[in-house]
2 protein chains.
Amino acid sequence: MTASINDVARAAGVSASTVSRALRGRPGVSDEVRSQIAAVAAQLGYTASRSASSLASGRTYTIGVLVPYVGRWFFGTVLDAAEKVFSAAGYDVLLYNLGSAETRKRFFTRLPVRKRVDAVLSLLIPDDAESAALRSLGVPLATTVGGTRPGFTVVGIDDRAGTESAVRHLVNLGHRRIGMISGASGPLHWTTPIERRNAYLDVLADAGIEHDPALEADGDYTVEGGERAMTELLAASRPPTAVFAQSDEMAMGALRALRRHRLKVPEDVSVVGFDDHELADVVGLTTVAQPVAEQGAEAARLLLRQLDDPDAAPPAGQVQMPIRLVLRETTAPPRPRGPQ
Amino acid sequence: MTASINDVARAAGVSASTVSRALRGRPGVSDEVRSQIAAVAAQLGYTASRSASSLASGRTYTIGVLVPYVGRWFFGTVLDAAEKVFSAAGYDVLLYNLGSAETRKRFFTRLPVRKRVDAVLSLLIPDDAESAALRSLGVPLATTVGGTRPGFTVVGIDDRAGTESAVRHLVNLGHRRIGMISGASGPLHWTTPIERRNAYLDVLADAGIEHDPALEADGDYTVEGGERAMTELLAASRPPTAVFAQSDEMAMGALRALRRHRLKVPEDVSVVGFDDHELADVVGLTTVAQPVAEQGAEAARLLLRQLDDPDAAPPAGQVQMPIRLVLRETTAPPRPRGPQ
DNA sequence: CGCTGTTGCGCAAGCGTTTGCGTTCATATT
DNA sequence: AATATGAACGCAAACGCTTGCGCAACAGCG
């Protein structure tokens, strides 16, 4: 059907090995022969079969990317950027959408990437067993989320600092009843919600504000969850005058809930998010911005570097990307309403 | 390093062929031997090498998915749903992010999916040369966007009907100066913008409204583009009292522009979008909803069906998914301001 | 002019599966 | 009892590449 390396060899009057070497830029082929082979290959529309070459060489030139939810803005954006870096370097990407516990489990027990990828970029946090499974692949590993793990290159942000800047902003505006909409760490072994929560508590303590558990709600990192969580918070005996949401999506859900309750933002309640979602600007959301696409690109680059030079040690610790608080229109001083 | 089929065969005291047949559920193996092999394989942590098996069998059990922009909500959502269907059926997905003309060109000339996939799902519209290239792969093809093409099974929506319901809604509210923010069809050979534009023109004509070219602007299907386009429209000598945006993202950009111009929505200008973006509800956007994830899932299912039964003809024409106008808070009758 | 290096290329052995065909052996058929 | 019929399994040939090694041919060296 499609041309094989032998067809090219025959047509060019050389051996298959020479064709292989010529096309891949390996030494041992004269320039003359090389260009002639290139011409013949082009004319025949020849491309080496990936299965055959990876079987023979052990190199697959493909990267496995593990994502919890492709459809979510954050992950889609990271994936987008990472894919561009990989494909520019000649790598293909195998995508695994591991949102549900079920698919996730199946992935890690069957490990379909075995012998199929040269590296894996995980956008989800593997637990200990899962990390071990990944390490058993014997390929470079990277992640853009969660804390450092042995064997993984991680590029991320300073969750504490980001959260602190957000909550401190609220404190500085004069808020005392500051709620938080978080995502449960749940079975995902995700350290992010925990880090952010700790930072939130620290800022409150620092400001001499007593922590009120009724001011925390779980928003599941989704818009709907954020809406539910905000609704919960509003039902408290003394609702918050400001809310810090651990993601913009949850913040937007909160905005929706507030609108449904006919509460004005920021007059009645201030809201600050996290991420600087593409649409945060549209709704005027104050948020802490992180370079999402850049994180994906950087993680991809670090992976490629390790592939180019297998002895190179993976970067130690965590590569930190800058964050910054973006002030927009959902935060303001609390409305004065009589004595505290 | 990792166990091969021969290791399993040796450990089980059978030949490699028997192992292969046993593990893949092929006939010719007694139940007794089969289960014993399964046990040995599990104990050794054996998984067949994909490269080797696809080299030998010609089947790759992977699907190529072509996406223009993974990070955009629409495509991310389609991809998410499609991936779930594929992986549930035991297929892996190879992702190609073909947003720029450059990567796109490289993809179609080098055709890296050759001999690597059993089918391809294209979320972008290939031009004639590109379709021919894809057809030359000799595998089932599907797409979720654009018109019907020979050799492709396409699942989509009725763009005309969707647009008509949106624009008619504006007409029925009493609007006469109705603008449109579209996406240029450009080099993407995308029929969607054209279909929608035609429907827009038809509704206007039907309502006896003269078409004003100054009321059309290109929003590039992005938020920023939508904002620019809206700004353009507002600069017209007689700006529109209502705008139909061909996507929610552009509609949201328009909303932002309006806010910047201190114009109230829907009092000063009505806005209706297209897609029912996940966040459309947050901003209260009236829009025509289409089942985005379902389209991806359905396309994936149709592809799998063709793979199961290679002789089955691909579904003729286009599979149409339902659409529906979702009324929210960005549309209202035009503000009466003196004689027309 | 012999010797050592170097360069350019072909040979052939893998890489880990799948699969058509052949063999063996037990069972059914006449 | 002899023969046909399957079922269960092994053999070995692909599948299409890569790569270590061998072998010419040729250049440079003293």
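This structure is a prediction, so every number in the text was calculated from the model and none was measured. Protein chains get the first letters and strands the later ones, always in sequence-line order, with residue 1 at the start of each.
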(request) Assess A:Arg72 against A:Phe75: is NZ or CZ under 6.0 Å from the centre of the six-membered ring, and within 45 degrees of the ring's axis? (result) no
(request) Evaluate the side-chain contact (heavy atoms from CB on, under 4.5 Å) criterion for residues A:Asp80 and B:Asn97: first the C-alpha distance (whole Å), next the side-chain angles of each, then the deciding distance (0.1 Å), finally the verdict. (result) CA-CA 7 Å; A:Asp80 188 313; B:Asn97 199 17; 3.0 Å; yes
(request) Find the distance B:Lys115:NZ to D:dC15:P and express it as a whole number of Å. (result) 10 Å
(request) Ignoring backbone atoms, establish whether A:Tyr46 has a side-chain N or O less than 4.0 Å from OP1 or OP2 of D:dC17. (result) yes
(request) When you get a sec, tell me which of D:dC9, C:dC15, C:dT17 is the closest nucleotide to the side chain of A:Ala56? (result) C:dC15
(message) Using whole Å, what does the distance between atom C1' of nucleotide D:dA14 and atom CZ of B:Arg59 come to?
(response) 19 Å
(message) Counting only side-chain nitrogens and oxygens, does B:Ser15 get under 4.0 Å of the OP1 or OP2 atom of D:dG10?
(response) yes
(message) Please determine whether a side-chain nitrogen or oxygen atom of B:Ser20 lies at a distance below 4.0 Å from atom OP1 or OP2 of C:dT18.
(response) yes
(message) So, under a plain 3.5 Å distance rule, would you say the side chain of B:Arg50 forms a donor-acceptor pair with the base of C:dG16?
(response) no
(request) Give one of base, sugar-phosphate or nothing for B:Arg24, where a contact means two heavy atoms less than 4.0 Å apart. (result) sugar-phosphate
(request) Would you tell me if any nitrogen or oxygen in the side chain of B:Arg26 comes within less than 4.0 Å of OP1 or OP2 on C:dT19? (result) yes
(request) Return the value, rounded to whole Å, for the distance between atom CZ of B:Arg116 and atom C1' of D:dG16. (result) 14 Å
(request) Round to the nearest Å and state the distance from A:Gln36 atom CD to C:dC9 atom P. (result) 10 Å
(request) In whole angstrom, give the distance that lies between atom CG of B:Asp7 and atom P of C:dC15. (result) 11 Å
(request) Output the single nucleotide from C:dT18, C:dC15, D:dG10 whose closest atom is nearest the side chain of A:Leu55. (result) C:dC15
(request) Flag yes if more than 12 heavy atoms outside B:Arg110 fall under 6.0 Å of its CZ atom; otherwise flag no. (result) no
(message) At less than 4.0 Å, is any side-chain N or O atom of B:Ser30 found next to OP1 or OP2 of D:dA8? Yes or no.
(response) no
(request) Ignoring backbone atoms, establish whether B:Ser57 has a side-chain N or O less than 4.0 Å from OP1 or OP2 of C:dT17. (result) no
(request) Return the nearest nucleotide to the side chain of A:Val29; candidates are D:dC15, C:dC9, C:dT17. (result) C:dC9
(request) May I ask you to check whether A:Ser17 and A:Ser20 show a side-chain donor-acceptor distance below 3.5 Å? (result) no
(message) Between the base of C:dG10 and the side chain of A:Arg21, is one N or O donor paired with an acceptor at under 3.5 angstrom?
(response) yes
(message) I'd like to know if the side chain of B:Arg116 pairs up with that of B:Thr60 as donor and acceptor (distance under 3.5 Å, no hydrogens or angles considered).
(response) no
(message) Reading DNA chain D from 5' onward, which residue's closest nucleotide shows up sooner: A:Thr47 or B:Val19?
(response) B:Val19
(message) Please confirm whether the shortest side-chain N or O distance from B:Ser54 to OP1 or OP2 of C:dT17 is below 4.0 Å.
(response) no
(request) Measure from the side-chain heavy atoms of B:Ser17 and tell me the nearest of D:dA12, D:dC17, C:dG16. (result) D:dA12
(message) Less than 4.0 angstrom from a charged side-chain N to a carboxylate O is my criterion; do A:Lys105 and A:Glu102 meet it?
(response) no
(request) Measure from the side chain of B:Thr18, starting at C-beta and using heavy atoms only, and say which of C:dT17, D:dC9, C:dC9 lies closest. (result) D:dC9
(message) What is the distance, to the nearest angstrom, from the CD atom on A:Glu32 to the C1' atom on C:dC9?
(response) 13 Å
(message) If I take atom CG in residue B:Leu23 and atom C1' in nucleotide C:dT18, what distance separates them, rounded to the nearest angstrom?
(response) 13 Å
(message) Distance check needed: C:dG16 P versus B:Tyr61 OH, whole Å only.
(response) 21 Å
